[in-house]
Amino acid sequence: MKLENIIHTIASAGQAETFANVTASAIQHEPIRRTLVGYVDRRINQRLEEAYDVNERRLPRVIQDKAYIIRAIAHSIDRALARGYVSEAVVKGVLRGLVMNAFLREEHKAAWERFRQEHGYGAPSFVVISPGKLCNLHCKGCYASSGNDSEKMDWEVFDRIITEASDLWGSGFIVISGGEPLAYRSQGKGILDAAAKHQNMFFLMYTNGTLIDEKTAVRMAEVGNLTPAISVEGWEERTDARRGKGVFQRVLKSMANLRQAGVPFGISLTATCENCEEILSDEFLDFFFEEQGSIYGWIFQYMPIGRGFTLNLLPRPEQRLWMWKRAWQIIREKRYFLPDFWNSGTLSDGCISAGRQGGYLYFDWNGKVMPCVFVPYSPVNINDAYREGKTLNDILEEPFFKAIRKWQDEYGYAVTKPEECKNWAMPCIIRDHHADFRRILEATEPDPEDEAALQAMIDPSYRDGLIQYNEAVARLMDPIWEHEYLGNGCV
């Protein structure tokens, strides 16, 4: 019996916990783990060969991109397990929450299928929640303009969003942002309490890392279904320049605490025109993936929103092209899991905002619901919606979100002929296609999240500057799409 069939057989018999326990014990043994990694490699090679099947709905290079990233995460996990950086208890939590429920949807399948029948398309896969604006740092250019404790989500609302994502959408994955997530408290409860309560879900938390002391790391290991993605801006000088003196060393201490407790973690990198070469260098990535034990990394190209926003920090068009080439080189050759949320749009079939099938919605500390963490405009407040007896399903029907999903479909997500798909290396509606976004913004009139979002909306130089930036990037990235993807220039 094939490995995936065994997994589904156990899960369908209601034995997810048994699967997690047995598999967690097994993969701690190197011979078994090497066999599993070898199996993944063989399947990836098979998938690469199948990419040219005429019946495939996606372009061959898109299929290859997905295969390479799966291989990268498999090898990244293998490295961490081989070095003893992940405890058996946490492995069980990952298998139960992430593999069985978030990926395979074994405990959530009925909800997902019910949503499809009622709505005619697949449900979003997750939500991103920033329950509190409070942060212990005051970073330059913070996209969230994080600040004091006066703005935060009530625990009941926070908990209900998570519950509804599971019950209504069949979601098994929750992303937490902020503010600093570990600074959030409501009714004496925090992020780790949410993860402990929802053991059938898996949580990824974006954090500055400075509050992860030994006690907190141990609690994370006990909870077992949460991984922190820790922000760094580059080496010590650059990180401290943006985040505050001493932050880099505090981050390294937090990583040591996580390794000691057996909690898997990753890094979150904001790429600007000033640091993109640094954070994508072999020396920098080897330090965090090999020496510090990071299992994954996320690249967020700088978004001109939030505190002190400016177009001057955007990676220059030629840097954007270099970053595309460099990131895929790292994924293929080093087998580091390192997606770029803009350049790696092929991994998600384009933009995943606005509650698209497989995508997400974003909720901030005041209850404002937005299509994306980086699109600070909201048509509805979850607090008001809940008072009116509505649910997350009602939120999805907001015209602003529906208009963005329509744009996503036409851009390439819903096309039936792969060659009709537009450039998924430029997938972002607000940053890569600002003129299109402005038309939707003007037609649906959502509210700006804060004063900074309002200023960006009414500033003609901001609008014109982003549109000009889009055009300059397209002149470099469109030929890549035409040759490497539409032209089947696979690697």
Measure from the ring center of [X] to the ring center of [Y] and say whether it is less than 6.0 Å.
{"X": "Tyr68", "Y": "Trp328", "answer": "no"}
{"X": "Trp169", "Y": "Tyr360", "answer": "no"}
{"X": "Tyr462", "Y": "Phe309", "answer": "yes"}
{"X": "Phe158", "Y": "Phe363", "answer": "no"}
{"X": "Trp342", "Y": "Phe374", "answer": "yes"}

May I ask you to test the [X]-[Y] pair for a side-chain heavy-atom distance under 4.5 Å?
{"X": "Asn343", "Y": "Arg320", "result": "yes"}
{"X": "Ile331", "Y": "Asp65", "result": "no"}
{"X": "Asn257", "Y": "Val218", "result": "no"}
{"X": "Ile161", "Y": "Met153", "result": "yes"}
{"X": "Phe173", "Y": "Ser125", "result": "no"}

Which residues share a side-chain hydrogen bond (donor to acceptor under 3.5 Å, both in side chains) with Tyr336, sequence neighbours left out: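 With neighbours one apart ignored, the set is Asp286, Glu290.
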Taking all non-hydrogen atoms of both residues, which atom of [X] and which atom of [Y] are closest, and how far apart?
{"X": "Ser348", "Y": "Lys66", "answer": "N-NZ, 4.2 Å"}
{"X": "Leu226", "Y": "Phe202", "answer": "N-CE1, 4.1 Å"}
{"X": "Cys273", "Y": "Asn312", "answer": "SG-O, 3.2 Å"}
{"X": "Gln301", "Y": "Pro315", "answer": "OE1-CG, 4.1 Å"}
{"X": "Val62", "Y": "Thr346", "answer": "CG1-O, 3.7 Å"}
{"X": "Gly266", "Y": "Thr227", "answer": "N-OG1, 4.5 Å"}

Candidate pair Tyr206 and Glu180, rule side chain to side chain donor-acceptor pair (under 3.5 Å), full reasoning: CA-CA 8 Å; Tyr206 289 102; Glu180 167 51 46; over 6 Å; no
Check: [Y] main-chain N/O paired with [X] side-chain donor or acceptor under 3.5 Å:
{"X": "Asn383", "Y": "Asn366", "answer": "yes"}
{"X": "Ser294", "Y": "Phe288", "answer": "no"}
{"X": "Tyr85", "Y": "Gln292", "answer": "no"}
{"X": "Asn470", "Y": "Leu466", "answer": "yes"}
{"X": "Gln408", "Y": "Ser353", "answer": "yes"}
{"X": "Asn275", "Y": "Leu280", "answer": "no"}
{"X": "Tyr377", "Y": "Ala453", "answer": "yes"}
{"X": "Asn381", "Y": "Val369", "answer": "no"}

How about [X] and [Y]: does a side-chain donor come under 3.5 Å of a side-chain acceptor?
{"X": "Glu113", "Y": "Gln117", "answer": "no"}
{"X": "Asn225", "Y": "His198", "answer": "no"}
{"X": "Asp213", "Y": "Thr216", "answer": "yes"}
{"X": "Asp459", "Y": "Ser461", "answer": "yes"}

CD (Gln260) with more than 12 external heavy atoms under 6.0 Å: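 No.
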More than 12 heavy atoms of other groups within 6.0 Å of Glu214 CD: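 At most 12 heavy atoms, drawn from other residues, nucleotides or ligands, come within 6.0 Å of this atom.
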Given Thr270, Leu285, Leu269, the one that forms side-chain contact (heavy atoms from CB on, under 4.5 Å) with Ile279: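 Only one option passes, and that is Leu269.
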Partner of Arg250 by side-chain contact (heavy atoms from CB on, under 4.5 Å), out of Asn208, Ile212, Asp240, Thr210: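 Of the listed options, the one satisfying the test is Thr210.
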Lys/Arg cation over aromatic Tyr413: Arg356, 6.0 Å, 45° cone: yes
For [Y], is there an ion pair with [X] - N to carboxylate O distance below 4.0 angstrom?
{"X": "Asp193", "Y": "Arg185", "result": "yes"}
{"X": "Glu410", "Y": "Lys406", "result": "yes"}
{"X": "Glu449", "Y": "Lys368", "result": "no"}
{"X": "Arg387", "Y": "Asp384", "result": "yes"}

By side chain to side chain contact (heavy atoms under 4.5 Å, CB included) - contacts of Lys390 (at least two apart):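 With sequence neighbours excluded, Lys390 shows a side chain to side chain contact (heavy atoms under 4.5 Å, CB included) to Ala385, Glu388, Asp394, given in chain and number order.
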Please report the interatomic distance [atom1]([X]) to [atom2]([Y]), rounded to the nearest 0.5 Å.
{"X": "Ser171", "Y": "Glu164", "atom1": "OG", "atom2": "CD", "answer": "12.0 Å"}
{"X": "Ile73", "Y": "Tyr296", "atom1": "CD1", "atom2": "OH", "answer": "9.0 Å"}
{"X": "Leu182", "Y": "Cys135", "atom1": "CG", "atom2": "SG", "answer": "10.5 Å"}

Worked verdict on Arg116 versus Tyr121 for side chain to side chain contact (heavy atoms under 4.5 Å, CB included): CA-CA 5 Å; Arg116 175 178 283 279; Tyr121 66 96; 5.5 Å; no
What side-chain donor-acceptor pairs closer than 3.5 Å can you find for residues 435-444, not counting sequence neighbours?
from	atom 1	to	atom 2	distance (Å)
Asp436	OD1	Arg439	NH2	2.1
Asp436	OD2	Trp407	NE1	3.1
Arg438	NE	His434	NE2	3.0
Arg438	NH1	Met457	O	2.7
Arg438	NH2	Ala456	O	2.8
Thr444	OG1	Ile440	O	2.7

